[in-house]
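Numbers here simply count residues along the sequence, with the first being 1. Numbering of ligands and ligand atoms starts at 1, following listing order.
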Amino acid sequence: MTHTIKVLFRLFILIFYMRTSTSLDSLAVNQSIRDGQTLVSANGIFEIGFFSPGNSKGRYLGMWYKNLTPLTAVWVANRETPVHNNSGVLKLNENGVLVILSGANSNVWSSKISETVFVNNSINAQLLDTGNFVLKNGKDYILWQSFDYPCDTLLPGMKLGWNLVTGLNKIQSSWKSTDDPAKGEYSSGVDLRGYPQVVIMKGSAIKLRVGSWNGRSFTGYPTQPLKEKQIFEFVITDKEVYHRYEVVDRSMICVYRLSLTGNLQALCWTSHSSSRIVIYTDAEDSCDNYAMCGANSICNMDGNVPKCECLKSYVPKFPEQWNISYWSGGCVPKIELVCGNNNTSGFLRYKEMKLPDTSSSLYNKTMNLVECQRVCTKNCSCTGYANMDIRNGGSGCLLWFGDLVDMRVISQWGQDLFIKVPSSELDYISVDVPRSMKKRLVRITVGLITVGFLTCACIIIFIRKVAPRLYRRAPFQKRQVYSRLIKEDMDLPIFDFSILVKATYNFSSTNKLGEGGFGPVYKGTLVDGKEVAIKRHSKVSDQGLEEFKNEVVLIAKLQHRNLVKLLGCCIHREEMLLIYEYMPNKSLDYFIFDETRSKLLGWTHRSHIIAGIARGLLYLHQDSRLRIIHRDLKTSNILLDAHMIPKISDFGLARTFGGDQVEAKTKKMVGTYGYMPPEYAVHGRYSMKSDVFSFGVIILEIISGNKIKGFYDSENSLNLLGYAWRLWIENMPLELLDTHLFEMCISSEVIRSIHVGLLCVQQKPEDRPDMSSVILMLKGEKLLPQPKAPGFYSGKSSLEATSLSSNQMSLTIFEAR
Ligand SMILES: *[C@@H]1O[C@H](CO)[C@@H](O)[C@H](O)[C@H]1NC(C)=O
Ligand SMILES: *[C@@H]1O[C@H](CO)[C@@H](O)[C@H](O)[C@H]1NC(C)=O
Ligand SMILES: *[C@@H]1O[C@H](CO)[C@@H](O)[C@H](O)[C@H]1NC(C)=O
Ligand SMILES: *[C@@H]1O[C@H](CO)[C@@H](O)[C@H](O)[C@H]1NC(C)=O
Ligand SMILES: *[C@@H]1O[C@H](CO)[C@@H](O)[C@H](O)[C@H]1NC(C)=O
Ligand SMILES: *[C@@H]1O[C@H](CO)[C@@H](O)[C@H](O)[C@H]1NC(C)=O
Ligand SMILES: *[C@@H]1O[C@H](CO)[C@@H](O)[C@H](O)[C@H]1NC(C)=O
Ligand SMILES: *[C@@H]1O[C@H](CO)[C@@H](O)[C@H](O)[C@H]1NC(C)=O
């Protein structure tokens, strides 16, 4: 009896403890929370407590979105001073100061307040649903708030910038490492010199100018992709200069994080999903580097290669260096301007520009462009002017004095900039810088694709939950399907099971060649000495009958030198077996990714293999009676016969298209991550061009000897496609080459193949060539257009999204099969 009471009492204590530890959103004077307890905001959005980031053993007081996994700290109090054991306590002490204590150490961290307050019960610290942890005296008077001390993450409503009254500068600063939230190398904040602008600093040097605010966005750093979901503002008053954003559409929440490498990333998630994903990283290009072109010069990413050009009437300061693309010396005026006369100078209009560094500018909100020009004309040291605000036809005046630094061309988001030139140079009214810079668009598309991944992930989860149930029903229908199958394909030989048992020594493990997605594959020798490969569809396989039938029906009808040949099939009880011609050289991946075997495969072999796959694919797409999309082309599905002739295999996922159908859509995305083009991975749309994409990936793998899945250029955060593309635009495509190939290749052929590969992996399916063009291109009988950016070229977005890393992605897709 007493025992029961004891137990009940403990239970009561436990429940009481749990209730108090989870429902608190504020601390009163002398109240505290220990490590293990948390404060949760009123509506359960944010939570504060002790945590250990990454592999760190230190304990930090942090704040995170309560329902978001994995735990994503958006703010850390004691970022420089971890507690080294679980003794940490957050307390609102008797002086009205928030402190973190650890054992005897009473000063791990404290909220700084300059004023001394009369402490009574009206002081409390509360975690708000906005993610602001505020220390208040009474209802409204804020003594301290976490929003004033941002870490690496900007939350909606947080102000980044200056309080001119108190002199407090709110800056965002990166973590040191994923394990260490201490202040890292990079920071982002408002530069008050001239017309205030937002900059990202590396140490004390500017790394990148997000730029000045033009009413719609930061010049040269468009925030467009999330525009409908958020409102951005930049406020300049006597008391404050800050940047802030608010969420309008709560279906998608994003926070902006300054990554370890100084990139601004939007971490977003939808209200239906509790997993975060990096949706938009403003992938910077060379022209984004601060002052990449030196002074008085414009950076242009035309053709994806950075190029610097002097402003009109300016010449390179160091012509020899300039000629070898060493641009940092910048440009100087050709003729010194004579001052004080109306007709000695005029202005050239440059369209679609990221405005120069505004730290050397002056601004006036009320002046219009005409007045702006007049002021600039009169003042000798004025070098250019522009509108401050581009909305409603433009207003305000920005004037630059001295050198113009860090300009670039940005079509669509750039604005007009007027540059002062001597009248002798004034033979134009305006200079229209060529429209290029489609890159920004690409970035956004990449962003959108990542959004698509969310959808993709949802669909996959759906498939995983629902599909197994469908498959479980399958065995009951098997016999029917068998008989129908055999009727449909009378000309396909049926093997007797006993023959196969004999041919494989009762499927002995020594005869096993490997394990496919369907089941094991065995080598067998028929009585006449012919070698065959026998694919045994295991009973437990959830691959489903559809796929089996698909493969049999399809491949039985196909005859091509570059397709693996199906010799027959066999049905034994619940089992299905397929008999293929034997491929002594296994598959392509067995060769090209192996250190020693890859040496055996010289350029001649490789180019023949590429051509062979192309012909096989062309047959599937165009020349066979059916139009077939393979959907799972990859190096392990390219088998090699005794003469190293490639044969496309594994038609389990293939689909036929009727007459003039060119595209289909599926909810069930199957295939292999890395080989799937964006439109398929994201929207489930597949067409011949999806196979072309996979083929392009294979070409690049064959040439580089690198696996699409294993390769990551961390320096530039690029996957294999991005890496190949970068080398291409930097005009050193041969760098991609497998080192074994160096001596013996014909560089023009290799370059052509890389070129074709890059054309095949272009982002948009309509840009990719069809297989008949590919074959002509490989032979050099067709002109090759310049490739555009590949789909999925940045490894970063998928690698940094810890909840959806590329590995997990492929895993889920495999499981979905
Ligand atoms: C807090 O605790 C201190 C010392 O224990 C005490 O002097 C003080 O009155 C307490 N303050 C409040 C508001 O309870
Ligand atoms: C935790 O660390 C603090 C100081 O580092 C020390 O005073 C305290 O005794 C430690 N507590 C435990 C339980 O180890
Ligand atoms: C606490 O002190 C403030 C002034 O610091 C005063 O306005 C308030 O009325 C006091 N509240 C109580 C409950 O004593
Ligand atoms: C730079 O290159 C241009 C043409 O490309 C040439 O006319 C000029 O003389 C070169 N200047 C120097 C200093 O090498
Ligand atoms: C320059 O032009 C303005 C009118 O556009 C005129 O008022 C002014 O006198 C002129 N100054 C000189 C030095 O010509
Ligand atoms: C310069 O201005 C004078 C009047 O101030 C005018 O007569 C002359 O034509 C102008 N020259 C040019 C090149 O515009
Ligand atoms: C802006 O220009 C207007 C008109 O030229 C002038 O009255 C005002 O003083 C200027 N404001 C500042 C801050 O310079
Ligand atoms: C031109 O403008 C600069 C910056 O406002 C000022 O320091 C300088 O005195 C002005 N020069 C003339 C001639 O008005």
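Ring geometry for His243 versus Trp213: interplanar angle of 30 to 60°, hence tilted.
Between Trp322 and Cys331 the shortest side-chain heavy-atom distance falls below 4.5 Å. Here the side chains of Tyr363 and Ile236 are in contact, with some heavy-atom distance below 4.5 Å.
Take Glu233 and apply the salt bridge (Lys or Arg N to Asp or Glu O under 4.0 Å) test, not counting sequence neighbours, and it matches Arg244. Partners of Tyr65 according to the ring pair (Phe, Tyr, Trp, His ring centres under 6.0 Å) rule, which considers only residues two or more places apart in sequence or in another chain, are Phe46, Trp269. With sequence neighbours left out, the salt bridge (Lys or Arg N to Asp or Glu O under 4.0 Å) criterion links Lys136 to no other residue.
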Atom pairs, nitrogen or oxygen, ligand 1 to protein, under 3.5 angstrom:
unit_1	atom_1	unit_2	atom_2	d
ligand 1	2 (O)	Asn30	OD1	3.2
ligand 1	2 (O)	Asn30	ND2	2.2
ligand 1	11 (N)	Asn30	ND2	3.1
ligand 1	14 (O)	Asn30	ND2	3.4

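When only interatomic distances are considered, the shortest N/O to N/O separation between Asn364 and ligand 7 falls below 3.5 Å.
Which parts of ligand 7 touch Thr366 is read off a 4.0 Å heavy-atom cut-off, strictly below it: atoms 1 (C), 2 (O), 3 (C).
Ion pairing of Arg349 with Asp416 is present here, as a side-chain N (NZ or NE/NH1/NH2) and a carboxylate O approach within less than 4.0 Å.
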